[in-house]
Amino acid sequence: MGDCKTAYLCKQPASPLVLLHERSLNKVIITAGNPTASEQSVLADSCNAIVSYFSQAKVSPNRLLYIAISRVFDLQSPRPFGGQKSRPGYAEYKGKSAHSLLEYTVTMCFKWYWGCRGPEALQFTVESMNLALEMHHKHDRDYLNEVTLKGMRRAGHIDWVKAAFLPYALRDEAERERSAELRAAEVRFTPQRWYISFSPYH
């Protein structure tokens, strides 16, 4: 995850917090953490909480992450993600995978909190993660496909200008099943080709 050591900007260190998948509420929550836990441990546990929360849906957790990122990586988001149009905070992210995107997002909001700049970014990130799964259950597939692509564009994982198609792994369950059926049909109904070689001796 990289070095997350932060020089505190205030005299009193921030209270130890960590993200937790609270199954009784079916949400990711911010809760009191172990005061002796290392920063790396807090970040790893918090990333795992989000993955656990997303994994209950019948879609790739990465699809839900990109849906959340479409909201987090926005000019109007609290710092360190939002900012001016010419240089928003999220432009600092240079990773190329969903794994690195999750680590970056969790790391930055915790570093902001540990730097005594307030919990707003942490709260906003958790709210966005929870909202992503709610949207998955409430909205239609085509709308969510567009939101997923929006998150991918803002993360720099697809081109901003060129037309893009949602990767097979990021589609919803029904769409993936339909694609599998079409591929199977293509195999079944492909005409057999016969190749005839002519012998020079005949």
Side-chain angles (χ1 to χ4, degrees), residues 1-4 6 14-74 77-78 80-81 90 93 95-114 119-141 143-145 147-152 154-157 166-177:
M1 274 187 238
D3 187 3
C4 297
T6 307
S15 301
L17 298 176
V18 68
L19 303 189
L20 174 71
H21 176 195
E22 179 52 70
R23 298 179 186 278
S24 64
L25 300 174
N26 196 27
K27 289 184 178 293
V28 175
I29 65 169
I30 304 170
T31 188
N34 183 350
T36 63
S38 67
E39 292 181 356
Q40 293 292 336
S41 176
V42 170
L43 295 175
D45 289 346
S46 297
C47 286
N48 288 335
I50 294 171
V51 172
S52 173
Y53 175 65
F54 284 165
S55 295
Q56 63 187 302
K58 294 182 178 180
V59 294
S60 167
N62 294 343
R63 175 182 173 92
L64 299 176
L65 175 62
Y66 285 121
I67 290 173
I69 290 301
S70 71
R71 184 173 187 259
V72 175
F73 281 19
D74 187 86
S77 297
F81 302 115
Y90 66 81
Y93 171 69
K96 300 298 181 182
S97 68
H99 179 75
S100 69
L101 179 60
L102 176 60
E103 289 185 338
Y104 170 84
T105 305
V106 171
T107 297
M108 291 308 296
C109 62
F110 266 103
K111 286 181 70 173
W112 199 256
Y113 172 70
W114 289 333
E120 289 79 15
L122 194 56
Q123 293 168 343
F124 185 77
T125 298
V126 168
E127 182 182 284
S128 299
M129 299 299 171
N130 287 324
L131 182 60
L133 188 55
E134 292 177 20
M135 291 173 65
H136 167 70
H137 292 306
K138 293 180 180 179
H139 291 281
D140 66 81
R141 179 183 65 205
Y143 172 76
L144 292 175
N145 286 347
V147 177
T148 303
L149 289 170
K150 180 180 178 181
M152 295 179 73
R154 291 189 172 177
H157 290 176
L166 199 64
Y168 175 79
L170 296 181
R171 299 174 187 174
D172 74 0
E173 183 183 31
E175 198 171 8
R176 283 185 282 114
E177 289 179 352

Rounded to the nearest 0.5 Å, how far apart are [atom1] of [X] and [atom2] of [Y]?
X: Phe124; Y: Cys109; atom1: CZ; atom2: SG; result: 11.0 Å
X: Lys138; Y: Leu133; atom1: NZ; atom2: CG; result: 10.5 Å
X: Cys47; Y: Tyr104; atom1: SG; atom2: OH; result: 13.5 Å
X: Tyr113; Y: Ile30; atom1: OH; atom2: CD1; result: 9.0 Å

Flag the pair Phe110 / Leu43 as yes when at least one side-chain heavy-atom distance between them is below 4.5 Å, and no otherwise.
yes
Close side-chain approach of Phe73 and Leu101, heavy atoms under 4.5 Å:
yes
Check the pair Asp45 / Leu19 against side-chain contact (heavy atoms from CB on, under 4.5 Å), numbers first and verdict last.
CA-CA 7 Å; Asp45 289 346; Leu19 303 189; over 6 Å; no
Set out, in order, the CA-CA distance, both residues' side-chain angles and the distance that settles side-chain contact (heavy atoms from CB on, under 4.5 Å) for Asn26 and His21, then state yes or no.
CA-CA 7 Å; Asn26 196 27; His21 176 195; 3.9 Å; yes
If you look at every heavy atom in [X] and [Y], which pair is closest and at what distance?
X: Glu120; Y: Pro78; result: O-CG, 4.1 Å
X: Ser60; Y: Ala169; result: CB-O, 3.3 Å
X: Pro61; Y: Phe54; result: O-CD1, 3.6 Å
X: Asn34; Y: Pro16; result: O-CB, 4.2 Å
X: Tyr66; Y: Thr148; result: CB-O, 3.7 Å
X: Leu64; Y: Ala57; result: CD1-CB, 3.9 Å

Heavy-atom donor-acceptor pair, [X] side chain to [Y] backbone, under 3.5 Å:
X: Ser77; Y: Arg71; answer: yes
X: Ser41; Y: Ala37; answer: no
X: Ser70; Y: Ile67; answer: yes

Dump the intermediate steps for side-chain contact (heavy atoms from CB on, under 4.5 Å) on Thr31 and Leu17, then the final yes or no.
CA-CA 6 Å; Thr31 188; Leu17 298 176; over 6 Å; no
Test applied, side chain to side chain donor-acceptor pair (under 3.5 Å); reference residue, Asn145; option that passes from Arg171, Arg63, Lys150
Arg63
Going through the distances and angles, do Ile69 and Phe81 end up as a side-chain contact (heavy atoms from CB on, under 4.5 Å)?
CA-CA 10 Å; Ile69 290 301; Phe81 302 115; over 6 Å; no
Between Glu39 and Lys111, does any side-chain N to carboxylate O distance fall below 4.0 Å?
no
Does any pair with a residue in residues 18-27 pass salt bridge (charged side-chain N to carboxylate O under 4.0 Å, His left out), and if so which ones, sequence neighbours excluded?
Lys27-Glu134
side-chain hydrogen bond (donor to acceptor under 3.5 Å, both in side chains) against Asp74, all qualifying residues, sequence neighbours excluded
Arg154
Sorted by chain and residue number, the side-chain hydrogen bond (donor to acceptor under 3.5 Å, both in side chains) partners of His139 (sequence neighbours excluded) come out as none
Sole candidate of Leu20, Val126, Asn130 that passes side chain to side chain contact (heavy atoms under 4.5 Å, CB included) when paired with Ile29
Leu20
Do Ser100 and Tyr93 pair up side chain to side chain, a donor and an acceptor below 3.5 Å, judged on atom types alone?
yes
